[in-house]
Amino acid sequence: MKLTISGLSRTYKDKAAIDDVSAELTAGVYGLVGPNGAGKTTLMRMLADVLKPSQGTIQLDDEDIRFMDYRYRELIGYLPQDCEFYSYFTANRFLKYVSALKGLNEKHAKGKIDDLLRLVNLSKEKHKKIGSFSGGMKRRLGIAQALLNDPKVLILDEPTSGLDPKERVRFRNLLSDISEDRIVILSTHIISDIEYIAKEVLVLKEGKLIIQETPEKILHELNDKVWHVTVPAHEINLLEQRFTVGNLMRKGKEVEARIISETKPLPTAVVQTPRLEDIYLYYFGESLDEYDEEMEAFK
Ligand SMILES: Nc1ncnc2c1ncn2[C@@H]1O[C@H](COP(=O)(O)OP(=O)(O)OP(=O)(O)O)[C@@H](O)[C@H]1O
Ligand SMILES: [Mg+2]
């Protein structure tokens, strides 16, 4: 099974939210990352066939999804970023309702609903009204509804937002269990969500796909570029002007910082083992500086 994205663009007025994106996805987990406004949701909505591309195509096993129509929608599961629920429905009634919409056999759906509620740790809440759910519980119910039809392509837009650390771990395990024979695309701002389960990481920047790589390759790229430095607190501005600085930690009169630099930034700097979350600093640290400069120019 393969999902082929070719020259995909989506513009709003004259702004490209997704700009000429091409990628090939096969079974496994793909982590979609990028700052707010990078285009993650726009890309996922097109993959879920709820938003028409301005240009380009999406193909499943060489067939354009536009022509597959309902045959495609039957194969996919989608969790939107802002998944709304009827608050007066119980979890069970909601999942029954979605099963009916997806055309699932009622008897089959019944068993499936129980399985899924167990999977997302909501069995006890089966007959509770969604209106009484916490944000994280609603998110978990959203994940369950996306899985109802046993989708071959699973599209999850920030599935872990609002989940507590324990539920995050549970979600990661769930994904690695089910991703063997399906394509899973999930967007997140929390890199640790995808660190150990993503086959590849897709990095979006201003609508463009700038990286599609395995975590190992990305980490390799970051080798010898991540540093730990300790400087007097008053020198931190200087440091920030010269380097891409993340994770500041104040320790009395000194500040410790994680820095991205191609060369040793200070004689006392100690090289660090890169972590996947350093990609944010590496790929977006610079653009944030440019942004600051633009803002300065405005003042
Ligand atoms: N319906 C719309 N009308 C106009 N512009 C839109 C619309 N939807 C998205 N955009 C713009 O497209 C760009 C990409 O938005 P998108 O929601 O895809 O980003 P995102 O990566 O999902 O961000 P976030 O991390 O905040 O969820 C943004 O500049 C956004 O303002
Ligand atoms: Mg989004």
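Criterion: ILVMFWY side-chain heavy atoms under 4.5 Å apart, direct or through other members. Under it, Y86 and I130 are part of a common hydrophobic cluster. The same ILVMFWY cluster, assembled from side-chain heavy atoms under 4.5 Å apart, contains both I185 and L51. Using a 4.5 Å cut-off between side-chain heavy atoms of Ile, Leu, Val, Met, Phe, Trp and Tyr, with links allowed through other members, Y30 and I178 fall into different hydrophobic clusters. There is a path of hydrophobic side-chain contacts, each under 4.5 Å, that joins L281 to I210. A continuous path of hydrophobic side-chain contacts links L156 to L95 [ILVMFWY only; heavy atoms under 4.5 Å].
In this structure, V184 and L175 have side chains that are in contact, with non-hydrogen atoms separated by less than 4.5 Å. Residues T26 and M1 are not in side-chain contact: their nearest non-hydrogen atoms beyond the backbone lie 4.5 Å or more apart. Within the 4.5 Å cutoff, the side chain of K2 has heavy atoms near those of the D61 side chain. In this structure, the side chains of L186 and L32 stay at 4.5 Å or more apart for every pair of heavy atoms. The closest side-chain heavy-atom distance from R170 to V120 is not below 4.5 Å. A 4.5 Å side-chain heavy-atom check between I18 and M46 finds at least one atom pair inside the cut-off. Residues H228 and I259 have side chains not in contact (no heavy-atom distance under 4.5 Å, counting atoms from C-beta outward). Side-chain contact between D157 and P159: absent, with no pair of heavy atoms (C-beta onward) separated by less than 4.5 Å.
With values rounded to the nearest 0.5 angstrom, Q145 atom CD is found 10.0 Å from S99 atom OG. Expressed to the nearest 0.5 Å, how far CD of E240 lies from CG of L238 amounts to 10.0 Å. Rounded to the nearest 0.5 Å, atoms NZ (K217) and CD (E221) are 10.5 Å apart. Here CG of N92 is found 7.0 Å from CG of L117. Values are rounded to the nearest 0.5 Å. Put simply, CG on L148 and NZ on K102 are 5.5 Å apart, with the number rounded to the nearest 0.5 Å.
Without hydrogens or angle criteria, Y280 side chain to L276 main chain gives no donor-acceptor distance under 3.5 Å. W227 contributes a side-chain N or O that, together with a main-chain N or O of S261, makes up a donor-acceptor pair within less than 3.5 Å. Between the side chain of K128 and the backbone N or O of L122 there is no donor-acceptor pair closer than 3.5 Å. In this structure, T160 contributes its side chain and L163 its backbone to no donor-acceptor pair below 3.5 Å.
Checked against side chain to side chain contact (heavy atoms under 4.5 Å, CB included), P232 has the following partners two or more places apart in sequence or in another chain: H234, E235. The ring pair (Phe, Tyr, Trp, His ring centres under 6.0 Å) test applied to F85 returns F94, not counting sequence neighbours. Partners of S176 under the side chain to side chain contact (heavy atoms under 4.5 Å, CB included) rule, at least two apart in sequence or in another chain, are I197. Not counting sequence neighbours, the partners of R140 by the salt bridge (Lys or Arg N to Asp or Glu O under 4.0 Å) test are E167. Annotation: side-chain hydrogen bond (donor to acceptor under 3.5 Å, both in side chains) contacts of E200 (sequence neighbours excluded): Q212. The side chain to side chain contact (heavy atoms under 4.5 Å, CB included) check on L119 picks up L116, L147, L174, with sequence neighbours excluded. Residues meeting the side-chain hydrogen bond (donor to acceptor under 3.5 Å, both in side chains) test with N173, sequence neighbours left out: none. The salt bridge (Lys or Arg N to Asp or Glu O under 4.0 Å) search around E256 returns K251, not counting sequence neighbours. For D181, the side chain to side chain contact (heavy atoms under 4.5 Å, CB included) partners are K152, not counting sequence neighbours. Remark: D278 engages R258 in a side-chain hydrogen bond (donor to acceptor under 3.5 Å, both in side chains) (not counting sequence neighbours).
Salt bridge status for D114 with K126: present, with a side-chain N to carboxylate O gap under 4.0 Å. Ion pairing between D193 and R168 holds under the 4.0 Å rule for side-chain N and carboxylate O.
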Report task. Please lay out, stage by stage, how D20 and L8 fare under the test side-chain contact (heavy atoms from CB on, under 4.5 Å). Result -> CA-CA 5 Å; D20 196 16; L8 201 68; over 6 Å; no
Report task. Run the numbers on I5 and S22 for side-chain contact (heavy atoms from CB on, under 4.5 Å), then give the verdict. Result -> CA-CA 5 Å; I5 305 168; S22 297; 5.7 Å; no
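K129 NZ: 12 or fewer foreign heavy atoms inside a 6.0 Å radius. Atom NZ of K52 is surrounded by more than 12 heavy atoms from other residues, nucleotides or ligands within 6.0 Å. Environment of NZ in K110: sparse, with no more than 12 heavy atoms of neighbouring residues, nucleotides or ligands closer than 6.0 Å. Within a 6.0 Å sphere centred on CD of Q55, heavy atoms belonging to other residues, nucleotides or ligands number 12 at most. Within a 6.0 Å radius of NZ in K225, other residues, nucleotides and ligands contribute more than 12 heavy atoms.
Judged by the 6.0 Å distance and 45° axis criteria, R93 is not positioned over the aromatic ring of Y97.
Across A233 and R250, no two heavy atoms sit closer than the pair CB-NH2, 3.4 Å.
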Please tabulate, one pair per line, all N/O donor-acceptor pairs under 3.5 Å involving side-chain atoms of residues 264-275, not counting sequence neighbours.
residue : atom : partner : partner atom : Å
K264    : NZ   : P267    : O            : 3.4
Q272    : NE2  : V270    : O            : 3.3
R275    : NH2  : E277    : OE2          : 3.3

Mind listing the side-chain donor-acceptor pairs of residues 64-82 below 3.5 Å, one per line with the distance, residues two or more places apart or on another chain?
residue : atom : partner : partner atom : Å
D64     : OD1  : R66     : N            : 2.9
D64     : OD2  : R66     : NH2          : 3.0
D69     : OD1  : R73     : NH2          : 2.7
R71     : NH2  : E63     : OE2          : 2.6
Y72     : OH   : L47     : O            : 2.6
R73     : NE   : D49     : OD2          : 3.3
R73     : NH2  : D49     : OD2          : 3.4
Q81     : OE1  : T41     : OG1          : 2.5
Q81     : NE2  : E158    : OE2          : 3.4

